[in-house]
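Here's the structure we're looking at; comments come further down.
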Protein chains: 2
Amino acid sequence: MAITAEALPEVTATIADRIFDQLRQAIVEGEIPPGSKISEPVLAARFGISRGPLREAMRRLESSSLVERKPNVGARVITLTSEQLLEIYVIREALEGMAARLAAEHMSDAAIADLKRLLAQHRNDVAQEEWQAYFQKEGDLDFHFRIVQGSGNRRLANILCNDLYHLARMYRCQFGMKSDRARDALKEHELVVDAIAERDGELAEWLMRRHIRASRKATERRLAAMRPSDT
Amino acid sequence: MAITAEALPEVTATIADRIFDQLRQAIVEGEIPPGSKISEPVLAARFGISRGPLREAMRRLESSSLVERKPNVGARVITLTSEQLLEIYVIREALEGMAARLAAEHMSDAAIADLKRLLAQHRNDVAQEEWQAYFQKEGDLDFHFRIVQGSGNRRLANILCNDLYHLARMYRCQFGMKSDRARDALKEHELVVDAIAERDGELAEWLMRRHIRASRKATERRLAAMRPSDT
DNA sequence: GTCAATATTATTGTCGACAATTTTGGTTTC
DNA sequence: GAAACCAAAATTGTCGACAATAATATTGAC
C-alpha cells in the first residue's frame with residue numbers, strides 16, 4: 001500500500017520525483033541505514049542518473065526530515081532517537097484526534113460502512129492469530145490512514161501521510177516492533193469508529209487521542225526495556 | 001522578526017538556501033503575486049544565478065506548499081482559497097492546543113516571566129491604541145511563536161514555524177486583515193498564559209483551542225462579508 | 001470564416017564539467 | 001612519539017549547454 005495523500009499520479013514524469021520516491025522507500029525500510037552518509041556521485045551512479053535530479057530529490061527528502069544536510073559537507077540519513085519518536089506520537093495525538101473529530105462530521109455513510117468492514121477484517125485476523133506483527137501494524141496504519149482521509153482536511157492529511165507516517169514506519173522497520181498490543185488497539189479502533197458512526201466528534205477525538213497515547217506509552221515501555229541505561 | 005524554528009545560521013552558505021529564503025519572503029509578502037507563473041530563466045536572471053540552485057529552492061518551496069508544480073509545465077505561486085485558510089486554522093487549533101499543554105509542563109519559570117512581560121507590552125500597546133492592525137497581528141504571531149517554542153517539541157515547532165505560520169502570514173498580506181479582535185485576542189492570550197503559569201496543561205490547551213477557534217470564526221465572518229455570493 | 005493539423009518557439013528536464021570547500025593523508029618540528 | 005601544519009584528493013556547489021516536452025503561432029482545408 002502506497003501511503004500518499006494525493007491520488008498517485010501513475011508514472012511520475014520527472015526523474016527527480018521518481019528518485020525521491022525510491023530514496024524515501026529505501027531510507028524508510030532501512031535499505032540505506034540510518035546515519036549513513038549519502039554520497040551524491042555514488043548514488044547517482046547507482047541509479048544511473050545525473051547529480052541534478054538527485055540533488056532535487058535530496059532537497060525534498062530534507063524537507064521531509066528524512067535526511068539532514070550540512071552545507072559543503074553532505075547529507076546523512078537521520079537517526080531517529082527515542083525522544084524524536086515520542087515527539088511524533090505527541091503530534092499524531094493532536095492531529096489525528098482532530099482528524100477523528102472532523103471525520104465524525106464529514107465522513108460519508110458509505111465510507112463509514114467501508115471502515116467498519118475493514119475493522120471486521122482486522123477482528124477476524126486477530127481472532128485467527130493470522131497476524132504477523134508486521135502485517136497487523138500495516139493494518140493499523142491503514143485504519144489511521146482512512147480516518148485522516150475522512151477528515152476532509154487535505155493539508156492535515158498531507159502532513160500526516162507525507163511525513164509523519166513515513167517516519168513512524170521508518171522507526172518500525174528499524175526496531176522489530178512485534179506489538180503485543182494488537183488486541184487492545186483493535187478494541188480502541190472499534191470505539192473510535194463507533195463514535196464516528198454516531199457522529200459524535202467530541203468523543204471520537206477523545207477516544208483517538210487516548211488510543212494514540214496508549215500506543216505511545218507502550219512504546220515508552222518498550223524503549224525503557226530495551227535500553228535501561230538510558231536517561 | 002524572522003520566523004524560523006532553528007537558530008538562524010547567520011549567513012547561509014549555499015546559494016540555494018539563500019534563494020529559498022528570499023523567494024519565500026517575496027511570495028509571502030505578495031511581491032510575487034499569488035497565481036503567477038514562475039519562469040526559471042527570468043527568475044535566475046533576476047537573482048543573477050544559474051537555474052540549478054533555483055530549482056533546488058523551488059523544490060523546497062514546493063514542499064512548503066508555497067508553489068504548485070506540474071511536471072514539464074512549470075510552477076505557480078499558490079492561491080490561498082478561503083477553504084485552505086480555514087483548514088490551516090483547524091490544524092493550528094490542534095497543534096497549538098497541544099503546544100500550550102506541553103508548554104505548561106515544560107516551560108521554564110524564566111520563560112514564563114518573559115512571556116508575561118511580552119503580554120504586558122501588548123496590553124500597553126492596545127491601551128494606547130498604538131496598534132496599527134498589522135503590528136498588532138505581528139505581536140499575535142510573536143505570542144504564538146513563544147508558546148510553540150516553549151512546548152519543547154522541536155518537530156511540532158518546525159511544522160508550525162516553517163510552514164503554517166508563513167502561510168498564515170501570506171494570507172494576511174494578501175487581504176488587509178485589520179483585525180478588530182485585538183482586545184479580545186489579548187484577553188485570551190492572558191488566560192492562556194495564566195494557565196501555563198499555574199502549570200495547568202489541560203486548561204491551557206482548552207483555552208488555546210478556544211482562542212484559535214475564535215480567530216477562525218472571526219475570519220469566517222470576514223470572508224462571508226467579503227464575498228457574499230460564494231458558497 | 002472557422003476549425004484542425006502542423007511547424008515553430010519557448011520552457012522545463014537532464015547532463016557533464018568546472019570551481020570552491022572540506023576532509024584526509026603525509027610531513028615536519030618540538 | 002605527538003601535535004601542528006601543509007598538501008593532495010575527494011566531495012559538494014555552481015554553471016552553461018543539450019534534449020525532450022508543452023505551449024503558441026501559422027498554415028491549410030473545408
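When only modelled atom types and interatomic distance are considered, B:Ser64 and B:Arg24 share no side-chain donor-acceptor pair under 3.5 Å.
Side-chain atoms of A:Glu96 never come within 3.5 Å of backbone atoms of A:Met208 as a donor-acceptor pair (strictly under, hydrogens ignored). In this structure, the side chain of A:Arg76 engages the main chain of A:Gly35 through a donor-acceptor pair within 3.5 Å.
Checking A:Gly48 against B:Pro41, the closest nucleotide of DNA chain C that is more toward the 5' end is the one next to B:Pro41.
Rounded to whole angstrom, the span from the CZ atom of A:Phe20 across to the P atom of C:dG13 amounts to 16 Å. Straight-line distance from the CD atom of A:Glu56 to the C1' atom of D:dT12: 16 Å, rounded to whole Å. Whole-Å rounding puts the B:Ile49 CD1 to C:dA19 C1' distance at 17 Å. Summarising the geometry, the separation between CZ on A:Arg76 and P on D:dT11 is reported as 13 Å, rounded to the nearest angstrom. Atom CE of B:Met58 is separated from atom P of C:dT12 by 8 Å (rounded to the nearest Å). One atom, CG of A:Leu54, and another, P of C:dG13, lie 16 Å apart when rounded to the nearest Å. We find that CD1 of A:Ile19 is positioned 12 Å from C1' of C:dT14, with the value rounded to whole Å. Taking atom CG on A:Asp17 and atom C1' on C:dT14, their separation rounds to 13 Å, with Å as the unit.
Of the side-chain N and O atoms in A:Arg51, none sit less than 4.0 angstrom from OP1 or OP2 of C:dC15. Distances shorter than 4.0 Å separate none of the side-chain N or O atoms of A:Arg55 from OP1 or OP2 on C:dC15. Phosphate contact (OP1/OP2 of C:dT14, side-chain N/O of A:Thr14, threshold under 4.0 Å): present.
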Take nucleotides 20-25 of chain C nucleotide by nucleotide from the 5' end and write B, S or -, depending on whether a protein heavy atom sits under 4.0 Å from the base, only from the sugar-phosphate, or from neither.
-> -SSS--

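In this structure, A:Phe143 and A:His189 have parallel ring planes: the angle between them is below the 30° cut-off, well short of the 60° mark.
If you run side chain to side chain contact (heavy atoms under 4.5 Å, CB included) between A:Glu56 and each of B:Arg55, B:Met58, B:Glu62, B:Arg60, only B:Arg55 comes through.
Using a 4.5 Å cut-off on side-chain heavy atoms (C-beta onward), A:Arg59 and B:Asp17 make contact. At least one side-chain heavy atom of B:Arg216 sits less than 4.5 Å from a side-chain heavy atom of B:Val90.
Comparing D:dT12, C:dT12, D:dT14 against the side chain of A:Glu40 picks out D:dT12 as the nearest. Comparing C:dG13, C:dT14, D:dT12 by their closest approach to the side chain of A:Ile15 singles out C:dT14.
Nucleic acid contact for A:Ile38: sugar-phosphate only, since backbone atoms but no base atoms lie under 4.0 Å from a heavy atom of the residue.
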